[in-house]
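This report refers to the structure that appears directly beneath it.
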Amino acid sequence: GIILLKEGTDTSQGKGQLISNIIACQSIVDAVRTTLGPRGMDKLVVNDRGDATISNDGATIMKLLDVVHPAGRTLVDIAKSQDAEVGDGTTSVVLLAGEFLRECKPFIEDGVHPQIIIRSFRLAVSLAIQEIRKIAVTLDKNDPEKLRELLQKCASTTLNSKLVAHQKDFFSKLVVEAVMTLGEHLPLSMIGMKKVQGGSLEDSALVPGVAFKKTFSYAGFEMQPKQYTNPKIALLNVELELKREKENAEVRVTNVEEYQAIVDAEWDILYDKLNKIKDSGATVVLSKLPIGDVATQWFADRDMFCAGRVQDDDLQRTMKACGGAIQTSVNNMTPDTLGECALFEEKQVGAERYNFLTGCPKSKTCTIIMRGGAEQFIEETERSLHDAIMIVRRAIKNDAVVAGGGAIEMEISKFLRSYARTIPGKQQLLISAYAKALEVIPRQLCDNAGLDATNVLNRLRQKHAQGGTWFGVDIFTEDIADNFIATVWEPAIVKINALTAATEAAILVLSVDETVKNPTSNVAGAQAQSGGHPGMPSLQQGARSARGRAMMPRR
């Protein structure tokens with residue numbers, strides 16, 4: 001035969017390739033399948049450094065799994081995109097995509113052309129989205145009490161399936177409060193998340209302002225006051241300590257007085273900076289760079305508070321909350337460059353000291369301090385709260401909600417099934433297959449809770465056929481229920497995004513019929529990682545060949 005590609009190139013194509021890609025995607029889905037819903041199990045993922053992560057969040061698990069299969073990576077990407085776009089529903093997305101592929105596998109085996117399947121799926125998803133928009137319930141935003149209640153319901157639906165489900169009432173209130181303090185654009189970076197080990201989950205608190213951990217401090221720090229009312233706050237990016245000369249300068253001195261003058265000049269520079277800060281009227285000095293021991297004691301003598309090496313995001317949030325500006329020099333510190341707040345204090349939280357700035361006039365920021373036992377547990381709490389915060393933001397921006405717990409999926413499935421009967425040709429079968437695939441969500445919810453999935457699904461189909469739009473699985477009574485009345489609510493945008501992303505991923509996998517793997521790409525990649533130029537011999541190889549030449553005996 002004619003060889004076109006380099007020897008060792010792996011090419012697989014045609015139907016076999018498609019089926020193997022679908023099977024690869026199935027095995028990835030199986031990794032997160034059991035994490036869906038309130039009775040979902042958690043996964044313990046240990047990475048190559050031995051760090052353990054316990055998580056229930058689909059996107060987190062997908063990120064941690066080091067997926068090498070090229071088609072399988074599309075599922076990882078949709079989980080990430082769902083996480084970035086809406087924050088919740090990451091497991092559902094992966095499940096749906098896997099199920100779409102599973103449903104169309106028999107068609108591929110029977111020789112249906114992938115493009116026909118793709119066309120049918122595109123039609124199905126656009127119909128499904130129209131239907132969701134039509135039946136979603138729009139909320140009244142004008143009544144703040146009602147809005148808050150609704151947002152709490154959306155947040156607690158999200159928290160239902162997380163580790164912190166038992167404290168969902170407490171956390172959903174906390175999350176809604178946090179999002180409500182933000183400005184109109186609801187920037188995520190303005191909610192600070194601080195983790196403090198120890199205490200119980202219920203000890204977590206929301207600080208209406210900025211809180212950050214006490215920074216590294218020098219002697220003299222103890223003498224500074226730890227509480228101020230209406231302080232002026234200087235935000236600096238300036239080093240306040242004696243610096244060694246960086247240049248290898250040579251200064252020739254002939255007598256002690258000249259040497260003393262050099263030393264004095266150094267101190268004068270430092271004291272000049274300190275005096276300018278004090279003259280500006282600031283009582284609390286926060287700097288991104290270190291504040292040395294001399295400066296610390298100098299501030300303490302003048303009843304001022306200082307903290308050096310403050311993290312950048314904390315400093316940015318302080319600026320947004322208290323006003324002012326971060327200064328890179330102390331030369332023109334005018335009153336408008338200083339921030340202000342009602343109260344600054346340093347308090348003990350668990351085993352740590354924290355600095356709190358509360359009552360900020362421009363405050364569009366807040367800090368959530370999370371407490372809990374094990375480190376992994378607090379981290380999982382943070383991920384859960386992140387999901388809930390994202391959902392609340394989405395619900396504020398898009399005011400339509402649908403019922404969760406498999407209700408919306410069953411309704412769309414019913415709608416597509418009845419639509420499929422009105423069209424001829426292969427599309428009829430394929431849209432029915434798409435409709436059947438949507439049932440994976442309620443079925444998996446039942447499986448994870450140990451219910452009889454077939455029985456529950458049959459009853460759900462019956463209810464939906466009779467017009468019970470919002471009937472879904474009720475895990476707690478192990479039965480079916482109207483989930484809209486039971487306030488299992490989700491923003492409609494979550495479902496729309498999930499369906500779109502899952503269908504796109506399935507279409508992407510279906511449209512690939514050949515994989516060509518370059519045998520040298522692994523070598524090139526490895527070299528690029530170790531700092532060499534891809535395709536060039538690495539340094540060790542070069543050295544080895546040079547050594548080899550040197551050792552050749554002279555003839």
Side-chain angles (χ1 to χ4, degrees), residues 12 17-36 40 43 45 47-48 53 55-105 108 114-115 117-118 121-122 124-126 128-129 158 161 188 383 386-387 390-391 393-394 409 434 437-438 440-441 444 490-491 493-518 521-522 525 528-529:
S12 21
Q17 169 69 46
L18 239 179
I19 303 277
S20 94
N21 282 352
I22 291 178
I23 292 169
C25 291
Q26 303 280 255
S27 59
I28 290 179
V29 173
D30 289 339
V32 292
R33 187 182 287 283
T34 52
T35 65
L36 186 76
K43 304 286 180 202
V45 186
N47 67 5
D48 47 5
T53 309
S55 182
N56 186 296
D57 180 39
T60 308
I61 298 167
M62 297 298 264
K63 276 180 205 155
L64 293 171
L65 292 179
D66 202 1
V67 179
V68 288
H69 192 282
R73 280 202 197 141
T74 55
L75 293 185
V76 181
D77 290 342
I78 56 165
K80 282 184 186 166
S81 91
Q82 178 81 0
D83 196 37
E85 189 59 35
V86 271
D88 195 29
T90 45
T91 313
S92 316
V93 159
V94 179
L95 264 180
L96 282 169
E99 198 64 17
F100 291 152
L101 289 170
R102 169 181 298 191
E103 286 298 332
C104 61
K105 191 171 143 203
I108 302 272
Q115 286 302 335
I117 301 179
I118 289 174
F121 275 15
R122 285 231 161 96
V125 75
S126 65
I129 288 171
T158 302
S161 61
L188 250 189
R383 282 191 288 273
H386 170 263
D387 281 14
M390 292 289 279
I391 286 296
R393 286 174 65 220
R394 283 284 162 247
E409 283 83 5
Y434 188 95
L438 289 172
V440 69
I441 303 285
Q444 197 59 50
E490 301 190 66
I493 186 91
V494 178
K495 290 298 172 200
I496 291 175
N497 207 56
L499 278 176
T500 319
T503 312
E504 284 296 328
I507 286 174
L508 194 62
V509 174
L510 284 173
S511 56
V512 173
D513 74 333
E514 178 168 15
T515 308
V516 182
K517 239 184 185 167
N518 181 347
S521 64
N522 301 346
Q529 272 174 349

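Any value given below was found using the heavy atoms of this structure, including those in side chains, with hydrogens, waters and symmetry copies removed. Residues: numbered from 1 along the sequence shown. In this text, all values refer to a predicted model and were calculated from it rather than measured experimentally.
To the nearest 0.5 angstrom, R73 atom CZ is 15.0 Å from I78 atom CD1. Taken to the nearest 0.5 Å, the CG atom of L499 stands 12.0 Å off from the CZ atom of F121. In this structure, L36 CG and L95 CG are separated by 5.5 Å, a value rounded to the nearest 0.5 Å. Remark: I28 CD1 to L65 CG distance equals 8.0 Å, nearest 0.5 Å.
When every heavy atom of L75 is checked against every heavy atom of V94, the shortest pair comes out as O-CG2, 4.2 Å. In plain terms, the two heavy atoms of V93 and A79 that are nearest each other are CG1-N, 4.5 Å. Between T74 and A71 the shortest heavy-atom distance is OG1-O, 2.6 Å. For the pair A502 and L96, the tightest heavy-atom approach, listed with the atom from each and the gap, is CB-CB, 3.7 Å. Closest heavy-atom contact between A506 and A97: CB-O, 4.3 Å. Across all non-hydrogen atoms, the minimal contact from L18 to V512 is CG-O, 3.7 Å.
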Please report the C-alpha distance between L188 and M390 in whole Å, then the side-chain angles of each, then the deciding distance to 0.1 Å, and finally whether the side-chain contact (heavy atoms from CB on, under 4.5 Å) criterion is met. CA-CA 8 Å; L188 250 189; M390 292 289 279; 3.5 Å; yes
With side-chain contact (heavy atoms from CB on, under 4.5 Å) as the test, would you mind laying out the steps for K105 and Q26 before giving the verdict? CA-CA 11 Å; K105 191 171 143 203; Q26 303 280 255; 5.7 Å; no
Let's go through L64 and N47 carefully: what are the C-alpha distance in whole Å and the side-chain angles of both, what is the deciding distance for side-chain contact (heavy atoms from CB on, under 4.5 Å) to 0.1 Å, and is it a yes or a no? CA-CA 7 Å; L64 293 171; N47 67 5; 5.6 Å; no
Verify side-chain contact (heavy atoms from CB on, under 4.5 Å) between K63 and D83, making sure each step is shown before the conclusion. CA-CA 11 Å; K63 276 180 205 155; D83 196 37; 3.8 Å; yes
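For the residue pair K43 and T53, no side-chain donor N or O sits within less than 3.5 Å of a side-chain acceptor on the partner.
Here the options are T90, N497, D77, the test is side-chain hydrogen bond (donor to acceptor under 3.5 Å, both in side chains), and the partner is Q82; only N497 passes.
Taking 4.5 Å as the limit, every side-chain heavy atom of E490 sits out of range of all side-chain heavy atoms of I391. Contact check for D513 versus Q17: no side-chain heavy atoms found under the 4.5 Å cut-off. Contact check for S511 versus I118: side-chain heavy atoms found under the 4.5 Å cut-off. Within the 4.5 Å cutoff, no side-chain heavy atoms of D57 are placed close to those of H386. Contact check for L438 versus F100: side-chain heavy atoms found under the 4.5 Å cut-off. You'll find the side chain of L510 reaches within 4.5 Å of the side chain of L101, heavy atoms only.
For S92, the side chain to side chain donor-acceptor pair (under 3.5 Å) test picks out no residue, with sequence neighbours left out. Contacts of D30 classified as side chain to side chain donor-acceptor pair (under 3.5 Å), with partners at least two apart in sequence or in another chain: R33.
Checked for salt-bridge contact, D88 and R394 miss the test: no charged N lies under 4.0 Å from a carboxylate O.
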